*Asks:* 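Before I ask anything, here is the structure I am working with.
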Amino acid sequence: MKDKTCIFCQIVEKKIPSYIFFESDTNLAFLDIFPVSKGHTIVIPKNHYKNLEDIPDDELSKLFKTVKQISNKIYRKLKIQGYNILQNNFQAAGQVINHFHVHIIPRSRNDGKLQLVIPEDQSKEEELKNTLNLLVE
Ligand SMILES: [Zn+2]
């Protein structure tokens, strides 16, 4: 299941050069060529799925086992202090390549990268209840 116009499918097919350092029958891990930090890695299923909505559960399960394995390897071998797992779905959330992928982003203390800004204002109770109602329906 490949999309000929997809850059990640082309990496899977080895039609374009990449920095692959892990490959199984279902998954691939390679260095991001626009790294947020040294060792920034992309993990993908070899099959083409657009995003989290599309990937079958069994493949997702295998993929996240790979993410765990690769994260541990990066943590140990690159002697980093931490890492983020980032997975964007749809353009509004920053998804650029429409082939499901997970970023592993090495971090060090006070590196100033990817800070989630927690708002100072707590949500109003009514707003939280309204949202909750939408989700439990
Ligand atoms: Zn693809």
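Since the structure is predicted, the reported quantities are computational estimates derived from the model, not experimental observations. Both counts, for ligands and for their atoms, begin at 1 and track the order of listing.
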*Asks:* So do I85 and F64 actually touch side chain to side chain, heavy atoms under 4.5 Å?
*Replies:*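 Yes. Closest side-chain heavy atoms under 4.5 Å.
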*Asks:* Using the side chain to side chain donor-acceptor pair (under 3.5 Å) criterion, which residues pair with K129? Sequence neighbours excluded.
*Replies:*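 K129 satisfies side chain to side chain donor-acceptor pair (under 3.5 Å) with E125 only.
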*Asks:* Closest approach of S37 and P106, non-hydrogen atoms and distance?
*Replies:*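 Result for this residue pair: OG-O, 2.6 Å.
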*Asks:* Quick one: do K46 and E23 satisfy salt bridge (charged side-chain N to carboxylate O under 4.0 Å, His left out)? Show the steps, please.
*Replies:* CA-CA 9 Å; K46 285 184 170 177; E23 182 166 10; 2.8 Å; yes
*Asks:* Under 2.8 Å from the Zn ion (ligand 1), which protein N, O or S atoms do you find? Ignore water molecules.
*Replies:*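 Atoms qualifying: C6 SG, C9 SG, H48 ND1, H99 ND1.
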*Asks:* Hey, could you give me each pair passing side chain to side chain donor-acceptor pair (under 3.5 Å) that has a residue in residues 110-119? Not counting sequence neighbours.
*Replies:*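 Passing the test, one end in residues 110-119: R107-D111.
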*Asks:* Would you give me the side-chain donor-acceptor pairs under 3.5 Å for residues 90-99, sequence neighbours excluded?
*Replies:*
{"residue": "Q95", "atom": "OE1", "partner": "F90", "partner atom": "N", "Å": "2.7"}
{"residue": "Q95", "atom": "NE2", "partner": "K50", "partner atom": "O", "Å": "2.8"}
{"residue": "Q95", "atom": "NE2", "partner": "I97", "partner atom": "O", "Å": "3.1"}
{"residue": "H99", "atom": "ND1", "partner": "H48", "partner atom": "ND1", "Å": "3.3"}
{"residue": "H99", "atom": "NE2", "partner": "P45", "partner atom": "O", "Å": "2.9"}
{"residue": "H99", "atom": "NE2", "partner": "N47", "partner atom": "O", "Å": "3.3"}

